[in-house]
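Written out below as structure tokens is the structure these notes cover.
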Amino acid sequence: MISTMRRHPAGTHLGLMLALTFSTGVIDAVGFLGLDRVFTGNMTGNIVILGMALTGADDLPILGPVLALAGFMVGAAVAGRLLRDLVAGWSTKTTVVFSLVALVLVAAGVTMIVLADPAEPVLLGVTTALGLAMGAQAGAARHIAVKDVTTVVVTSTITGLAADSVFGSRVDKHPWRRRAGAIALIGAGAAVGALALNVHIAFGIALSAAITILVALLGHLGRPREE
């Protein structure tokens, strides 16, 4: 299996990034439904919520989206710094980034388990931590550079799916399967995340952490041999 992954890195990376796309759907559902309507992966949604909140509309949160956005940007910057000067693809440093993402997710989940009724500052801290994790994930995914699969947003993927389809520009051999897969998986992840809240808010976080750990392990084992 590992030798096959090494011989076909493009397919390996696609599968792993699709798994993280599902994981993002889970985390965004946890954030939006369990942490006062905050997206921790989809920053476009966060900025829209923040814009409406600043007008006082519908008592939308302000501090949560700001902290999630700040955490996301810090996480993406850290990933970018760690992976700079490396060629696109998977390296040992990529494994380090995804391992850190998993560690942050585990810490957030444990916090929500240990503190049965967390105070507002704790919830905001968890929100920031989840944003940090998703930013680092997005930064690493950007470096791996799987076309149409950023793991945290699918707006451009939906655009490409429709624009290049038979109803649009009719581009031959456009990657509709991966595009449709990314869209379906982030939606499925959101559904699973919403259901997980019926058990405990930490359950969805733990599921995302487990997926990230598995992705980090498989990506590390399947990476090209480093000199």
Side-chain angles (χ1 to χ4, degrees), residues 16-17 19-47 49-50 61-82 94-141 150-153 185-186 188-217 219:
L16 296 179
M17 294 306 100
L20 290 178
T21 301
F22 175 85
S23 176
T24 297
V26 175
I27 286 295
D28 264 341
V30 168
F32 191 81
L33 298 175
L35 296 171
D36 192 24
R37 294 178 289 181
V38 176
F39 289 110
T40 54
N42 179 6
M43 290 300 114
T44 301
N46 247 2
I47 292 172
I49 289 175
L50 182 59
I62 294 177
L63 186 55
V66 168
L67 291 175
L69 178 60
F72 188 96
M73 293 179 69
V74 170
V78 169
R81 176 58 65 92
L82 288 174
T94 310
T95 304
V96 170
V97 173
F98 284 126
S99 297
L100 291 173
V101 170
L103 181 62
V104 172
L105 292 175
V106 169
V110 169
T111 298
M112 298 304 290
I113 292 173
V114 172
L115 301 177
D117 187 20
E120 185 67 17
V122 174
L123 294 177
L124 291 173
V126 170
T127 297
T128 307
L130 295 181
L132 178 73
M134 292 299 100
Q137 173 185 296
T150 67
T151 76
V152 294
V153 65
L185 283 169
I186 202 167
V192 170
L195 292 172
L197 286 171
N198 293 324
V199 180
H200 194 281
I201 188 172
F203 187 75
I205 300 174
L207 175 59
S208 288
I211 292 172
T212 306
I213 291 169
L214 182 60
V215 166
L217 177 62

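We're numbering straight along the sequence, starting at 1. Bear in mind that the values here come from a model prediction, so they are computed numbers and not experimental data.
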For the student: nearest non-hydrogen atoms of [X] and [Y], plus distance:
{"X": "T151", "Y": "A138", "answer": "OG1-CA, 4.3 Å"}
{"X": "A140", "Y": "F98", "answer": "CB-CZ, 3.6 Å"}
{"X": "L33", "Y": "A194", "answer": "CD1-CB, 3.7 Å"}
{"X": "V215", "Y": "A19", "answer": "CG2-CB, 4.0 Å"}
{"X": "I213", "Y": "A102", "answer": "CG1-CB, 3.5 Å"}
{"X": "A108", "Y": "L130", "answer": "CB-CD2, 4.0 Å"}

Point-to-point distance, once rounded to the nearest 0.5 Å, from [atom1] of [X] to [atom2] of [Y]:
{"X": "M43", "Y": "L69", "atom1": "CE", "atom2": "CG", "answer": "6.0 Å"}
{"X": "L105", "Y": "L132", "atom1": "CG", "atom2": "CG", "answer": "9.5 Å"}
{"X": "F39", "Y": "I47", "atom1": "CZ", "atom2": "CD1", "answer": "12.0 Å"}
{"X": "L207", "Y": "S23", "atom1": "CG", "atom2": "OG", "answer": "7.0 Å"}
{"X": "T94", "Y": "L16", "atom1": "OG1", "atom2": "CG", "answer": "11.0 Å"}
{"X": "L67", "Y": "I62", "atom1": "CG", "atom2": "CD1", "answer": "11.5 Å"}

Start with the C-alpha distance between F32 and T40, add both sets of side-chain angles, then the distance that settles side chain to side chain contact (heavy atoms under 4.5 Å, CB included), and finish with yes or no. CA-CA 8 Å; F32 191 81; T40 54; over 6 Å; no
So do [Y] and [X] actually touch side chain to side chain, heavy atoms under 4.5 Å?
{"X": "L123", "Y": "D36", "answer": "no"}
{"X": "F203", "Y": "N198", "answer": "no"}
{"X": "I201", "Y": "L35", "answer": "yes"}

Checking the side chain of D28 only, and the main-chain atoms of G41 only, is there a donor and an acceptor separated by less than 3.5 Å?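 Yes, the answer is positive, given that a donor and an acceptor are paired below the 3.5 Å cut-off.
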I would like to know whether T111 and V122 meet side chain to side chain contact (heavy atoms under 4.5 Å, CB included); could you show each step before the answer? CA-CA 8 Å; T111 298; V122 174; 3.8 Å; yes
Would I205 and V30 satisfy side chain to side chain contact (heavy atoms under 4.5 Å, CB included), going step by step from the backbone distance to the final call? CA-CA 7 Å; I205 300 174; V30 168; 4.0 Å; yes
Derivation and outcome, side chain to side chain contact (heavy atoms under 4.5 Å, CB included), residues V38 and I49: CA-CA 8 Å; V38 176; I49 289 175; over 6 Å; no
So, Q137 versus T24: side-chain donor-acceptor pair below 3.5 Å or not?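 There is such a pair (donor and acceptor under 3.5 Å, judged by atom type) between the side chains of Q137 and T24.
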